[in-house]
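Computed from heavy atoms alone, side chains included, the values below leave out hydrogens, waters and symmetry copies. In the text below, chain A, chain B and the rest are named by the order of the sequence lines, each starting its count at 1.
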Amino acid sequence: MNLFEHVLRSGRIFANKDVLRPSYIPAYLPHRKEQIERLAEILSAALRGETPSNILIYGKTGTGKTATVKYVAQELERMAKQIGSKTEVIYINGEIFDTQYRVFAYLARIFNRKVPMMGWPTDVVFEAFREGVDRERRCVIVVLDEVDKLVKKGDEVLYNLSRINSDLRRAKVSVVGISNDLTFTDELDARVRSSLGEEEIVFPPYNAMQLSDILKQRAELAFREGVLEEGVIPLCAAFAAQEHGDARRALDLLRVSGEIAERLGEEKVREEHVRLACERIETNKIAEVVRTLPLHSKIVLSAVVMLSKEHRKRRFTSGEIYSMYRKICGFVNIEPLTQRRVSDLTAELEMLGLVSATVVSRGRYGRTKEISLSVQESSLRDVLLSDYKLKSLSAFRLRTQMLLNEENA
DNA sequence: CCTCCACCGGAACGTGAGGAGT
DNA sequence: ACTCCTCACGTTCCGGTGGAGG
């Protein structure tokens, strides 16, 4: 029997899993007709040889911004080719090209200018790009995805890009900015804001019904026929709708549900698989947050975990937590921070939703914050111990347990 | 009604890392 | 290569406070 034979045979669930990935662009985008038409209308100026207005697109994650823009871009380029107009769309992700230099260097290279990875002054790179585009009559639409990330490091990119047209003789350039953050224009220079935001398109979150439609459409391609039980799609949609209608989340959920069903060797995807998937995604999300926490925050969190393990109660005063925190620091040989700082760290943990804290006054016994864990302790344990500086903590627990026993005896 | 606990949380300041400018 | 600036992280200092118990 071949090693891979059972893997091939077990593929009874999925027909084409890639359809569920966020990078997939469907041929039809449900419930985005309005936005697509608006975008197409604005960009169609390019086909008439005019410069399209600059556009700003807003919407939370998973509202179809990127997919819509890519879809319209495809259609635009195809039509341009048919009618022999030189129109191209360049897609740039601001998370990957996260400095002005990288953006311009990338653009310049597209237009056959040789620009080194680094070293040149930024304005020279910009000039190389400008000259490169202007070689021919054409219209270039630059899509800046996650533009808010790029702008955090200075809005000069946008300033330069939005002013480039006045220095171009043959070519035309317009900018489409995509942002998750609705308030990001506040940080922009007023001139940039007005020139970039000539047109604005908002992508509202999907509701549960709309999410269902999206999932249905993708499921048809992604899964083999009849493997999805009836309640699966509505349940995925409902879970995702609870969290600001994120379609990416819904698709993830559906995909993970399928994977779980597959791994369990089931013939069908059932609602219980969706619930398992939901839990798994949740745990992963928490683990990811905790993993990237600074060391001392991890120790504070460990302190809360330890306390809730060793005592019956769930809530602890900041004093209790601080002394446990100091104990742990002593055990793992790390200089403890002050109580003041720890109080800020707990506030951050609260912001992240890992603990919940409320100020209570206990009269004679002072005023304090009561803090409790607001996630499953089991989803924290492994990720906390995975920090190499904290790995000895598993031993710590035994030691305090012993100390407690001795005290009692 | 006053006191006083056990912290909260604001303000000012110190420090080192990293970026921009030159 | 250099200075200057900003920013995140921490510390020190301290005024503020809701309510149980006297």
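- A straight line from CZ of A/R362 to P of C/dT17 spans 20 Å, rounded to a whole angstrom.
- The pair A/R255-A/E259 counts as a salt bridge, with a side-chain nitrogen and a carboxylate oxygen less than 4.0 angstrom apart.
- Spacing between atom CD of A/Q339 and atom P of B/dC8 amounts to 6 Å, rounded to whole angstrom units.
- Within 6.0 Å of CD on A/E220 lie no more than 12 heavy atoms contributed by other residues, nucleotides or ligands.
- Note on A/R169 versus A/D134: no salt bridge recorded, every NZ/NE/NH1/NH2 to OD/OE distance being 4.0 Å or above.
- The OH atom of A/Y365 sits 8 Å away from the C1' atom of C/dA20 (whole-angstrom rounding).
- The nearest whole Å value for the distance from the CG atom in A/L293 to the C1' atom in C/dA8 is 15 Å.
- One donor-acceptor pair, N or O on each side, does fall under 3.5 Å between the base of B/dG9 and the side chain of A/R340.
- Rounded to whole Å, the distance from CD on A/E370 to P on C/dG18 is 16 Å.
- Rounded to an integer number of Å, the gap from CG of A/L345 to P of C/dG10 is 7 Å.
- Looking at A/R275 and A/E271, a side-chain N of the basic residue comes within less than 4.0 Å of a carboxylate O on the acidic one, giving a salt bridge.
- Between A/K285 and A/E288 there is no salt bridge, since no side-chain N of the basic residue sits under 4.0 Å from a carboxylate O of the acidic one.
- Dashed line: the shortest gap from a side-chain N or O of A/T338 to OP1 or OP2 of C/dT11 is under 4.0 Å.
- The distance between atom CD of A/E335 and atom C1' of C/dC9, rounded to the nearest whole Å, is 16 Å.
- If you check C/dT12, C/dG21, B/dC7 against the side chain of A/S318, the one that comes closest is B/dC7.
- Side chain of A/S361, nearest nucleotide from C/dT11, B/dC7, C/dG18: C/dG18.
- The nearest whole Å value for the distance from the CD1 atom in A/I371 to the P atom in B/dA6 is 16 Å.
- With C/dT11, C/dG16, B/dG9 as the choices, the nucleotide that has an atom nearest any side-chain atom of A/R341 turns out to be C/dT11.
- The residue among A/K369 and A/G366 whose nearest nucleotide of DNA chain B lies closer to the 5′ end is A/G366.
- Distances were taken from every side-chain heavy atom of A/L337 (C-beta onward) to each of C/dG10, C/dG21, B/dC7; the shortest belongs to C/dG10.
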